[in-house]
Amino acid sequence: MYAKYIKQEIPDLNGTGHTQAFYRMELTPMSHQQFVSLCAREGGYDESTILGVLSLVRDKLSLSMAEGFSVKIDGIGTFNAKLGVRDDMLQDAFEEGERSHNAKSIKVTGVSYRADNDLIGSTSRRCILEKGGVSRIRKPKFTLEERIQKAKDFLTKNTFMRVPDYVRLTGLSRTTATQELRKLAADPSSGIASRGSRSQKIYVLK
């Protein structure tokens with residue numbers, strides 16, 4: 001079976017005058033039951049056996065990560081729990097006078113996964129690609145100045161702003177919104193600053 005690739009246009013954020021491109025696979029959803037049936041058919045096991053093993057792996061994987069273990073499954077990858085501050089709490093900062101959160105303010109916000117090289121190599125060897133199409137950038141509805149003003153108006157009414165808020169305000173894609181906010185936070189004249197890092201990054205008025 002052939003997999004299709006998409007040529008994706010991304011914005012020119014470096015001022016070169018040219019947009020850039022990267023390639024992504026066009027994904028077709030496979031349900032849990034479809035995957036179980038495939039494993040049963042190809043592996044010669046009953047579906048109930050595979051369901052039992054998957055359930056056991058899920059439960060023990062979540063327990064191990066909850067206890068602070070970084071779990072490596074050979075041929076699949078390594079799993080780690082990610083922590084963050086609760087959504088209703090402000091991000092900490094290493095500044096004098098800043099209040100630190102206690103354990104009740106912190107929760108598991110996700111799981112990081114690093115694929116095993118064997119899994120990547122096996123996938124690459126089996127993958128046969130064909131062209132699937134081109135995805136172009138959506139033209140923004142507002143100018144940069146209008147987007148900045150919308151962000152400032154939002155921040156005068158709210159303590160902080162996250163990337164999804166900026167996406168909703170401006171109509172930009174999440175990737176473009178993330179990149180634009182990073183540039184604004186690095187520009188002293190924008191009036192917008194950032195706090196935190198990665199998935200816990202928030203934006204505030206300077």
Side-chain angles (χ1 to χ4, degrees), residues 1-39 75-80 82 84 87 109-155 158 160-187 189-204:
M1 180 176 179
Y2 291 89
K4 295 183 178 181
Y5 68 88
I6 304 294
K7 184 178 181 180
Q8 177 80 49
E9 184 182 20
I10 58 176
D12 172 27
L13 298 177
N14 298 318
T16 63
H18 300 283
T19 57
Q20 297 176 302
F22 74 95
Y23 296 89
R24 61 179 174 84
M25 189 175 287
E26 186 177 73
L27 301 177
T28 302
M30 176 180 284
S31 70
H32 178 71
Q33 184 56 51
Q34 286 174 316
F35 182 72
V36 169
S37 298
L38 175 64
C39 292
I76 294 180
T78 304
F79 298 82
N80 306 287
K82 297 196 303 182
D87 293 340
T109 57
V111 173
S112 65
Y113 166 68
R114 185 174 69 253
D116 190 289
N117 286 334
D118 287 345
L119 180 63
I120 297 172
S122 177
T123 303
S124 179
R125 287 191 297 272
R126 298 178 178 190
C127 184
I128 304 174
L129 290 168
E130 64 179 10
K131 187 173 182 179
V134 176
S135 178
R136 306 302 296 262
I137 297 174
R138 292 181 298 173
K139 300 301 180 183
K141 295 185 292 185
F142 307 103
T143 66
L144 176 59
E145 290 74 18
E146 290 172 331
R147 295 195 296 272
I148 293 174
Q149 189 58 53
K150 283 182 174 292
K152 290 181 176 179
D153 291 343
F154 179 89
L155 288 170
N158 300 272
F160 58 89
M161 179 178 67
R162 298 183 187 275
V163 172
D165 298 319
Y166 195 63
V167 169
R168 186 172 61 255
L169 290 171
T170 62
L172 297 175
S173 69
R174 185 182 180 91
T175 299
T176 303
T178 300
Q179 294 170 334
E180 184 164 284
L181 281 173
R182 286 174 182 166
K183 290 188 68 177
L184 292 176
D187 181 2
S189 66
S190 71
I192 297 174
S194 66
R195 293 177 59 185
S197 61
R198 298 184 180 178
S199 63
Q200 297 304 311
K201 180 168 286 188
I202 61 173
Y203 295 88
V204 298

Has Asp187 got a side-chain atom pairing as donor or acceptor with Lys183's backbone, closer than 3.5 angstrom?
no

Leu184 and Arg147, any side-chain heavy atoms less than 4.5 Å apart:
no

Over all heavy atoms of both residues, which pair between Ser190 and Lys152 is shortest? Give the atoms and the distance, please.
O-CE, 2.9 Å

Is there a side-chain contact between Tyr166 and Arg174, using heavy atoms and a 4.5 Å cut-off?
no

Using modelled atom types only, decide if a donor and an acceptor are shared between the side chain of Ser37 and the backbone of Gln33 within a distance under 3.5 Å.
yes

Could you give the distance from CZ (Phe22) to CD (Glu9), rounded to the nearest 0.5 Å?
11.0 Å

Report, as yes or no, whether the 6.0 Å neighbourhood of atom CZ on Arg114 holds more than 12 heavy atoms from other residues, nucleotides or ligands.
no

How close do Lys150 and Leu169 get, counting heavy atoms only, and between which atoms?
CD-O, 3.5 Å

Let me confirm one number: the CD-CG distance from Glu146 to Leu144, rounded to the nearest 0.5 Å.
10.0 Å

Might you confirm whether atom CZ of Phe142 has over 12 heavy atoms from other residues, nucleotides or ligands at distances under 6.0 Å?
yes

Taken to the nearest 0.5 Å, the spacing of Lys4 NZ from Leu129 CG works out to 12.0 Å

Give a yes or no on whether the backbone of Asp118 and the side-chain of Ser122 come within a donor-acceptor separation of less than 3.5 Å.
no

Please give me the minimum heavy-atom distance between Ala151 and Met161, naming the atom from each residue.
CB-CE, 3.9 Å

Shortest non-hydrogen contact between Gly171 and Lys141, atoms and distance:
CA-CE, 4.5 Å

Are Arg162 and Asp165 close enough for a salt bridge, meaning some N to O gap below 4.0 Å?
no

Residues Tyr5 and Tyr23: closest non-hydrogen pair is CD1-CD2, 3.7 Å

Side chain to side chain, Leu181 and Lys201, heavy atoms closer than 4.5 Å:
no

Calculate, to the nearest 0.5 Å, the distance between atoms CZ and OH belonging to Arg182 and Tyr203 respectively.
6.5 Å

Tyr113, OH atom: more than 12 neighbouring heavy atoms under 6.0 Å:
yes

Rounded to the nearest 0.5 Å, the CD atom of Gln8 sits from the OG1 atom of Thr175 at a distance of 8.0 Å

Mind checking the OG1-CD spacing from Thr143 to Gln149? Nearest 0.5 Å is all I need.
10.0 Å

Closest non-hydrogen atom pair between Gln34 and Pro29, with its separation:
OE1-O, 4.0 Å

